[in-house]
Every structure is written in structure tokens, then in C-alpha cells.
Amino acid sequence: MEHPLNVYNNLTRSKERFVPIQSPFVGMYVCGPTVYNYMHLGNLRTFITFDMVYRYLVHLGYKVRYVRNITDVGHITTEFDEGVDRIGAQAKLEQLEPMEIVQKYTNNFHDVLNQFNCIPPSIEPTATGHIIEQIEMVKQILENGFAYEADGSVYFDVRAYMQKHKYGALSGRNVDELFENTRELDGQDEKRFFADFALWKKASPEHIMKWPSPWGEGFPGWHLECSAMSTKYLGEEFDIHGGGMDLKFPHHESEIAQNTACCGHGPVRYWLHGNMLTVNGEKMSKSKGNSFLPLELIAGSHPLLDQGYSEMTVRFFMMQSHYASTLDFSNDALKAAEKGYKRFMTAIDALEKVKAGTASTFSVDDLRRDCYAAMNDDFNTPILIAGLFECVKQINLMLEGKAALTDADLSDFKSMVHAFVFDVLGFRRENESAGNTKALDAAMQLVIEMRRKARENKDWTTSDTIRDQLKAAGIVIKDTKEGVDWMLE
RNA sequence: GGUCCUGUAGCCGAGUGGUUAGGCAGAGCUCUGCAAAAGCUCCUACAGCGGUUCGAAUCCGCUCGGGACCUCCA
């Protein structure tokens, strides 16, 4: 692979050259959702981010195995709220079986990602489908002396682990400091040490989602499924692990500890974290009550919005910021993205109509080089988009006959632009009401011809009426030097 | 309280020890019958105070503001 891709590795807190363990194969694991409710835009941002990462790796020619889990076991909401888990609670609320809840919100998750043009992962394992693997892993960790059993539950023994390994490397945490700053002082119940976490949890009699195990009926700890499933499908060591910044601690930290306790070494070469989507500067989350559902955004039905925005506008909005930065969500920002995206895609579409010239007036190689440089610098999509706007400018100039490319350069330019816009950034043409476009185009040619005749006769009333009526119907007429064009608004 | 991130023009957002990011909005011009679209030009900012440096918005320190994690969370 001749492309020197650099990624920011959270494990080392530095940008590193990306070198797969076994090029051209790349293993990538991304933490998926707990399917107990509709996903909101903040969740969506993370999945769009790693969709872009996946797309770019594929574009570079890597053979990527992309694994993203579905967490369909309800994990306890707090340490002391025994027996209450998110999925179980939601099931009660909706008067459904827990697995009906899981199915309902898994479907929603898939539908939404599909709407936003995210490519499905290669493997999408569920936690409930890998109970045996998880139990096996707990057994191995116990055998290796990094866990202990207590009344039907099994806990990870952080102190034992710390004698041989570091705990807290990824999140930059010092366990002693953590201890000093832990607010909860009582109720540490079965745990020997405050930082210990459950690998297997004993289920109370009323708990519905539970499985038999060597320690009795119970369910796996939250962190365990990712360790077990990533190992199963990507091996003991793989290339990329992604997820939201908020999962860094304790989830990813514990994942590393579990894998290390089990196999003797860490599981992941490059840890990538997507940053949070904020609303008025604050993290979007359900508990804060500031979350948006994708549907509310598209329909514009949320109180904070004064209009709806299309899926691709939202995707563009997200791609205009770097994945590792927080992104603030607001009406004005969305509006700006909408206009920018429209201008952007209008030009990309118009590229099809550009005709080759006798000589090239600009360098396709330079533009291409800028685009790759942006992406190779830790997936810098905002810089890529800036580069593509330079392409937009050149397209518009070519349409006006003020710039040109030879036949060979033009097809090179087209494939380069298309690769970045559609394959890498994952934009998709909207307004493609397939089937009637041909008929509509024929009708439009007729209308345009009538308007042309009216203008020829200086019958401005007629020509302006045509233009205005079409505009009211959502069709925009564009008079260019090359002729008259039209587009759906 | 601890750990860490962050503060960029009207708005959104990149980046960087010395050279115009980009988008949106605004102003002017070109084109046009008038518009729209498009092109060109302008608006040239880096929280504050010190320090390092030939030179800092970029490095260091302090102050102020915002945020994340430390509990489930993408």
C-alpha cells in the first residue's frame, strides 16, 4: 500500500503511520449500540464516522473485516440497582418481551443507518448469540488468576491484574487517584476492590434475560462481549478498534484488561475515538433530554428546529468537522450545511455535462494529491471537502468555458471526484425519483423551448411566468452560456 | 475534587512557529431583458495577561470561560 495513512492512536496519544498486522487485511471492531431505545443523532455521528473510516480503508485497497456488535443484553443501570436492566425496564414500559425490544430497536438502528447511507459491517454479532464464548473467556480469566467468584458472580480482579499489567493506560487513569476520587463509599458488596468490575453477574429470580453458567444463572458483564466477539472474529490481536469517546473509560479500558488477562497481551493496535455531538455546547444524551431523533431532524419536528434537513445534509454537516472534535449542533449550522451541500452536489452532478477541451487548464494530479493528503492525515474530512470545493469551482468554470480538461484528464478528474464524494464520504444523490426522470426531462425540454421562444420575442411576461411557476413547483431554471438547464430544488 | 480536552472572524468549522483553509451569511463587480445560477473581489480572526523566540494565534506559565470522563451512555 503506497498510501502513507496516519491515524491518531488514543493508546499512544499520537499520530502514527497505519501499518496493518497482515496487509492487505485489516480488522476493525466498532462498539455498536445497546438496543433498548431509538438511536439519536449523537449515536449516529459515531457510526457515520466509522463508516467513513471503513470506506476510506476499502478505497485504499485494504480488505477490511468490519465487525460491529449489537448489545442485546440489558446491563444493570447502576451498581446498586440489582435486577433492573435497560432492556428489561424498557420491556416493562412497552409491555413487550425483552427480545421484542431488542428486535424493534435493532430494526430501527439498521433502518436509520441505511437512510444515512452507512455500509453494513461484515459481521454484526450479538451479545446473546455469544454467551458461550463469553463464559469461556471468564473461565480463562479465572484460570489465569485475574478474577474471583463471589456468590454466583465473577469479578475482574483489578489489583491482581495491576501486579503484572497496567490498568488505565488507554484513558490515562491512575487507579490510586481514581480511588481517592470515587464518591461512592458504601455498598461495595461483593467486590474486593472498588475498581473491580463484573465479568458475570448473578441474575435475580425475576430477571428474564439469564443463562446457565458454571457459577449459576446469570448474564455477562457489559465489557465482556466486545472482548469475546472481537477475539472470535478478528483474532487475539487486530488493527483498529473504534467507538465513542465516552466509552474510553471504563468500557474500553476494561476490554483491554480482559483481553490481556485472557491472552497475555492487548487486543488492539490503533484505538480510534469519535468525539461527541453537542447541543449548545453540551453532550447530546438521552439523560440530559437534549437528544434528537433522526426522524425529528428530517421532519423538522423537534422544538429546537425550524425546518427539516435531509439525511445527506446531515452527513455533510458531520463530515465538515473532524471526527475527533466535538461538533455543535444548531439550526444555523445545519442551514449553512444545507446550502453548501446543495451547491456542492449541484456541481458534482453537472460534471456529467462537462465536455472535454483541447488542453487542460488545471492539474488534476494536484487536486488529487490534496485530497489524499487530507484523508491520510487522520481522516481529515473537512480538509478533503475544502479540496473538493476547489474541484467544484473548476467544474463551474468548465461549464462556463473558462476552464478545460483534455479527454483523458476529464475522465481522470471524474473518477477521482466520484471516488471521494460517493465512495469515501458516502454521499448519495437525492431527488432520484427513478423512472419518471426521463418523462420529466422530455416535458422540461418542451417547457424550456417555449420559454426560449417567448424570450426571443421579448415576451418577458410569459418567460418570467414560466420561470416563476416552475420555481413554485420546485424546479429551478438556470440560464448559462452553454444553454438552459433545470434542476429539482 | 481528580484526569483530560477545548476557547479561531457575524455563524459553522480546519490548520499552523514566519505564507489567503473551506462552507454559510454580508458588500461590490461581471454575466443577464430582469433574476437565479456561476465567476471575480472585499470583509483577514485566533479568550485575556505574561514569558521563550529574529518572529506566536501556533511553544511555556498564569487567569477567565466552555466541555468530557471519573456511574449507563456513541
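Per chain, numbering begins at 1; letters A, B, ... match sequence-line order. Because only heavy atoms are used, hydrogens play no part in the values below, and waters and symmetry mates are left out as well, while side chains stay in.
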Does [X] reach a base, just sugar-phosphate, or nothing at all? Heavy atoms under 4.0 Å.
| X | answer |
| --- | --- |
| A:S325 | sugar-phosphate |
| A:K342 | nothing |
| A:G274 | nothing |
| A:D464 | base |
| A:M284 | base |
| A:L277 | base |
| A:N174 | nothing |
| A:H40 | base |
| A:K478 | base |
| A:M245 | nothing |

Nucleotide [N], atom [atom2] - distance to [atom1] of [X] in whole Å:
| X | N | atom1 | atom2 | answer |
| --- | --- | --- | --- | --- |
| A:D459 | B:C34 | CG | C1' | 14 Å |
| A:K286 | B:A74 | NZ | P | 6 Å |
| A:Y36 | B:A74 | OH | C1' | 11 Å |
| A:F389 | B:G39 | CZ | C1' | 15 Å |
| A:K335 | B:G10 | NZ | C1' | 15 Å |
| A:H322 | B:U8 | NE2 | C1' | 17 Å |
| A:Q320 | B:G22 | CD | P | 13 Å |
| A:F50 | B:A74 | CZ | C1' | 9 Å |

Consider the side chain of [X], meaning its heavy atoms from C-beta on, and name the nucleotide among [options] that approaches it most closely.
| X | options | value |
| --- | --- | --- |
| A:R343 | B:C72, B:C12, B:G39 | B:G39 |
| A:D246 | B:C70, B:A74, B:A21 | B:A74 |
| A:K339 | B:A68, B:C24, B:A14 | B:C24 |
| A:R451 | B:A74, B:A21, B:G33 | B:G33 |
| A:E282 | B:C12, B:G67, B:G33 | B:G67 |
| A:A386 | B:A21, B:A74, B:G23 | B:A21 |
| A:K393 | B:C40, B:C69, B:A21 | B:C40 |
| A:R173 | B:C72, B:G23, B:C69 | B:C69 |
| A:R455 | B:U32, B:G22, B:C24 | B:U32 |
| A:L397 | B:G23, B:C72, B:G39 | B:G39 |

Euclidean distance, [Y] [atom2] relative to [X] [atom1], rounded to 0.5 Å:
| X | Y | atom1 | atom2 | result |
| --- | --- | --- | --- | --- |
| A:Q115 | A:S310 | CD | OG | 11.0 Å |
| A:S122 | A:Y233 | OG | OH | 12.0 Å |
| A:I119 | A:M52 | CD1 | CE | 12.5 Å |

Rounded to whole angstrom, note down the [atom1] distance from [N] over to [M].
| N | M | atom1 | result |
| --- | --- | --- | --- |
| B:A68 | B:C62 | P | 23 Å |
| B:G15 | B:U6 | C1' | 15 Å |
| B:C34 | B:C42 | P | 26 Å |
| B:U44 | B:A21 | C1' | 12 Å |
| B:A47 | B:C64 | C1' | 8 Å |
| B:U58 | B:U16 | P | 13 Å |
| B:G13 | B:U71 | P | 29 Å |
| B:G7 | B:C12 | P | 13 Å |

Exercise. Report yes if some heavy atom in the side chain of A:I298 is under 4.5 Å from a heavy atom in the side chain of A:Y309; otherwise report no.
Key: no
My understanding is that a pair needs two contacts under 3.5 Å, Watson-Crick or G-U wobble. By that rule, which nucleotide pairs with [N]?
| N | answer |
| --- | --- |
| B:U3 | B:A68 |
| B:A38 | B:U30 |
| B:U58 | none |
| B:A25 | none |
| B:U53 | none |

Parallel, tilted or perpendicular: which describes the rings of [X] and [Y], with under 30° parallel and over 60° perpendicular?
| X | Y | result |
| --- | --- | --- |
| A:H302 | A:F292 | parallel |
| A:Y56 | A:F379 | perpendicular |
| A:F316 | A:F344 | tilted |

Quiz item: Taking the six-membered ring of A:F50, is NZ or CZ of A:R68 closer than 6.0 Å to its centre and within 45° of its axis?
Solution: no
Practice problem: Please tell me which of A:K402 and A:F317 maps to the more 5' nucleotide of RNA chain B, matching each residue to the nucleotide holding its nearest heavy atom. | Solution: A:F317
Quiz item: Starting at the 5' end of RNA chain B, which residue's closest nucleotide do you reach first, A:A337 or A:D377?
Solution: A:D377
Return yes if the base of [N] and the side-chain atoms of [X] contain a donor-acceptor N/O pair under 3.5 Å, otherwise no.
| X | N | result |
| --- | --- | --- |
| A:R467 | B:C34 | yes |
| A:N380 | B:G22 | no |
| A:D479 | B:A35 | yes |

Self-check item: Considering all heavy atoms, the nearest A:I385-A:M319 contact
Solution: CD1-O, 3.6 Å
Quiz item: Taking 4.0 angstrom as the limit, do A:D479 and A:R467 come out as a salt bridge?
Solution: no
Quiz item: Is the shortest side-chain N/O distance from A:K288 to OP1 or OP2 of B:A68 below 4.0 Å?
Solution: yes
Quiz item: Given B:C69, is OP1 or OP2 found less than 4.0 Å from the side-chain N or O atoms of A:K283?
Solution: yes
Exercise. Decide, applying a 5.5 Å centre-distance limit and a 30° plane-angle limit (both strict), whether A:W460 stacks on B:G33.
Key: yes
